[in-house]
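Within every chain, numbering begins at 1; the chains are lettered A, B, ... in the order of the sequence lines, protein sequences first and strands thereafter.
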Amino acid sequence: MLWTILFLVVIDVAVGYLFAPPPVGVRPGPLQRRFAEGRSVEGKLDRMVGETDESSAPMATAGWYGSRSDQPTHAEHPDGLLVAVYGMSTSFRMCYALQELEPSLTLRLVGGPNAPLSHSYNGYLKDRNHHEADVVLLGVSAWALAGIESMTQMLIQFDAPALYTYPVYRIVDGKLVATTPLVQSLDELRCAMGDTDLWEAFRLQLAENDAYYDELVFRDSPLDNSTLVRLLRRGWGQRQRRRQLARVHNADGYRSDSNVGPVAREIIRSFAETVRADGRLPIVILFHEKGFDDHLYALLGPTLKEHGIPFLSTHDLAPASDHDSFLPDGHFTAEVDKRIAREVLAVISNAR
Amino acid sequence: MLFNSIHFLLFLPVVLAAYAMLRHRGQNRMLLIASYVFYGWWDERFLFLIALSTVVDYWCGLMIGRSRLTGRQRMVASSWLTLSALCFVTINWSAIRFGGSEGISVDWSSLFDPLGVWALGGALGLVAIANLFHRLVTRLDEDRRRKLGLWTSIIANLTVLGIFKYFNFFVGSAEDALQGLGVDAQLMRLDIVLPVGISFYTFQTMCYSIDIYRRKLMPTDRFLDFALYVAYFPQLVAGPIERPNELLPRLQNPRHFELVQIQRGLFLILLGLFKKVAIADGVAVCVNSVYNSTGTASALDIVAATVLFCVQVYCDFSAYSDIARGVSKLLGIDLVTNFRVPFFSRSPAEYWQRWHISLSTWLRDYLFMPLVFLDPRRRIYLALIITMLLSGLWHGAAWNFVLWGGFHGLLLAVHTIYRNRVPILNPDQAISRWSLVAGIALFFTINCYSLLLFRAGSFAQIFDFTTAIVTGAGGIHLSMKLPSLSAALGIPLLFALDMIEYSTGDALAYRRFPAWCRGALYAFLIFIIIMGTGNEPTEFIYFQF
């Protein structure tokens, strides 16, 4: 027993020493990353957020609204269109293929890694008066949809987090009501981290409004220095996340007793209404990642048809069970992106 | 309740604490309640099937072995079945709400499950018939009475198994066959789920009646001890399948505790968790990424996924047996060894003496031997193939399992023919070390292919994957997901542990390591288990059987 405890301590210290995280700015190795994944969210924030954007980790700057000021505001080609895209990397990759097929298109890309529908929708609301797009494309990821119940990627992707925040939506008396996070930019996050009261208020807001909030995963403690505790916390966090996702989605599709479906349908309806009111063409792309069959289509298809919103669902073009359609990182292959892009072009030309 | 769940982590200490405080009879009663709680955690309705199997075999065993049941025995068995029907299937417990301002509130409209009322009626009918005909049966001559008892047990158990496990499978197969003949038939299907571990406990109860019939065992008079034998929670849902002449005496006699037994029990639990949490769950995602996908997998993907499936199924299943044995050792009750480093086998016969030993010996004693004794000279090969085909069907209600069983039956038949002509196939013959390694590698490769048949989702997938392997389609392109870090570290460690067991022939060889070395081993196992807690947990593969 004593030998076992002694060796556990030795392993804990040795692994912690051998795979200590590199300084900010240096890309960690896979083992360094693995042994740090279980660090508390607060512990990760301390390491990721520097005094300036340049001294912060690249993932810390991703996904915040308004973080990219170099976006075009109107079509760059005289006969071309400006397509404003709100979504996540899967949408952006497809849009690059779109631009390859139709170089006259200009792209305005707003989004974040694994961004859920609520982030994309709010992105459009914030961005709508800053450009003259002809087409507004909303990318919805089946995988990221459950993130509607969260306010930040710090919690959903707690093991390798992006830090950006977004409102959480609820339906009250048939209308969408947003709860806006107290922290809405990296600068505000930096301020909050230096202000105990503000930070506590933000934490309480997350605890109250974010379905993925877990005290054990979020709060920093001296035990963060123990490799074994970090591994245990990682396991616990993964378990909690799976439980949360299972409340929203199972092998048969999105669960009807979850709030995600009604909120997503209302967001889609409201998005189309707003875009049309702005005199633009709304298009919704439903991306079905591995393991999601046509579940997103089953959830949102009827709403899209009912409101005559032009849309495209990838399950017809690249079945989610076909691993030939996907790269090892879960994105579609370039060939599939091109296939989807061709269909999007057809949807644009039919709708115009 | 899963062994690798937080619920079990809380359940086990409570059981152990209660066990330590009670005397022998109280221990058995508490274990019976704990076993029903353990099983009912999934779905309490299926406890009725366990109660039914218990009552039928208790009754049949006494009819075969003692020719009658006393009034008290009949009353206890009858009450058990009736109360089980009432509590587990008739009353809808979710209709009763505790707490709130009213204390207890009952939704009378949904209190009784309509199907459960039928089950209760059936149970009452069965009890009435058994009691009414009891005197009549006791008057039969011994031979007829014994046969009646035996066949009642076999038919009752196989009927339950047939309805819950095979009915929809055979109906579906009949529909497919009729469609092949151009008839579009829509036959009735049952809307039922497979009760966890049904194949395990029905085999265990059946062999009780058979052993009494064969005069190898005297029936037990104590109903609660027999009920515990059927439902004993460590091995209830995925084995090992215990023989009554081994487990019943251990349950009926007081247990003695030794430190060495507790240490061994803890090590087995640790080893089982290591195999399941760190390795089996760590490679499941890789195997699924190839086998659950409809895309074109390359030859290398298929080979890698199949080899990893061998690792997964071994670690998953032997883990359950290890934890079951470990938990049981903490209770002072030894269970049989179910695995002895099976992938070090060099022939199919040796493999089945090392893999799922409790099932293979069950099949040998209760299926193969009777088949052989019918006509020893001509039927041995046929008996081997029939036994293994049924073994395949036991594993799952799907044709790929039957194909897997048939494949192993053929291997065993071929091995039986050639074992005396080819030295490498004969375990009694000494061979060089290189021949041994070559033999093990060759049989492992053949066995991997058999597990491809086992894992495949359809005949079309078997055909596609076999073609890809033979033609080398897709070349060395690997798109399969990679194993988790815990699996990557755990597999070499497990190989080393199995290698030591194989070369010493002693599963306890690790105990001879110096204390510091054992400490390092336990620490490393714990470290890798903790690392594996991030793997996506999967249900034990053998639960579905």
Side-chain angles (χ1 to χ4, degrees), chain A residues 1-16 19 29-35 37-38 158-160 217 226-243 245-246 251 290-291 293 315 318-330 333 336, chain B residues 4-6 259 262-263 266-267 270 273 277-278 281-282 285-286 288-298 301-302 305 457 461 474 477-482 484-486 488-489 513-538:
Chain A
M1 187 69 169
L2 285 175
W3 281 113
T4 306
I5 293 168
L6 178 71
F7 274 104
L8 277 172
V9 172
V10 169
I11 290 171
D12 193 302
V13 173
V15 172
F19 301 104
L31 287 177
Q32 286 173 318
R33 233 182 5 245
R34 168 53 53 87
F35 289 117
E37 280 172 355
F158 79 92
D159 43 1
V217 172
S226 160
T227 310
L228 290 174
V229 171
R230 290 202 301 271
L231 287 172
L232 275 172
R233 191 193 275 118
R234 177 177 178 269
W236 172 259
Q238 303 270 26
R239 180 178 181 277
Q240 294 301 87
R241 179 168 61 189
R242 277 190 288 264
R243 274 182 61 171
L245 290 174
K290 270 186 196 174
D293 274 338
H315 78 279
S321 60
D322 182 354
H323 78 199
D324 290 350
S325 304
F326 297 92
L327 295 170
D329 66 4
T333 60
V336 171
Chain B
N4 55 335
S5 68
I6 289 175
L259 181 63
I262 293 170
Q263 284 175 334
L266 290 173
F267 178 73
L270 189 65
L273 288 174
V277 176
D281 289 351
V285 68
C286 327
N288 294 345
S289 72
V290 174
Y291 276 90
N292 291 359
S293 168
T294 55
T296 329
S298 72
D301 275 328
I302 298 165
Q461 192 175 49
H477 170 69
L478 189 71
S479 62
M480 180 188 77
K481 282 190 177 171
L482 295 177
S484 69
L485 185 58
S486 64
L489 289 172
F513 296 170
W516 67 267
C517 191
R518 267 181 287 142
L521 172 66
Y522 302 153
F524 204 47
L525 289 175
I526 292 169
F527 174 68
I528 298 178
I529 291 170
I530 290 175
M531 197 182 280
T533 54
N535 296 330
E536 184 162 356
T538 52

Heavy-atom distances under 4.5 Å only: say whether [X] touches chain B with side chain, backbone, both or neither.
| X | value |
| --- | --- |
| A:Phe326 | neither |
| A:Arg239 | side chain |
| A:Val9 | neither |
| A:Leu31 | side chain |

Does a side-chain heavy-atom distance below 4.5 Å link [X] with [Y]?
| X | Y | value |
| --- | --- | --- |
| B:Arg518 | A:Phe7 | no |
| A:Leu228 | B:Ile526 | no |
| A:Ile11 | B:Phe524 | yes |

Shortest non-hydrogen pair, B:Thr533 vs A:Arg242, comes out as O-NH2, 4.2 Å

Could you tell me which non-hydrogen atom of B:Phe527 sits nearest to which non-hydrogen atom of A:Leu8, and how far apart they are?
N-CD2, 4.4 Å

Rounded at 0.5 Å granularity, tell me how far CG in B:Asn535 sits from CZ in A:Arg234.
7.5 Å

Nearest-0.5 Å distance, NZ of residue A:Lys290 to CG of residue B:Asn292:
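Answer for the NZ-CG pair, A:Lys290 versus B:Asn292, is 11.0 Å.
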
Does any backbone or side-chain atom of B:Ile6 lie under 4.5 Å from a heavy atom of chain A? Answer side chain, backbone, both or neither.
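Side chain only.
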
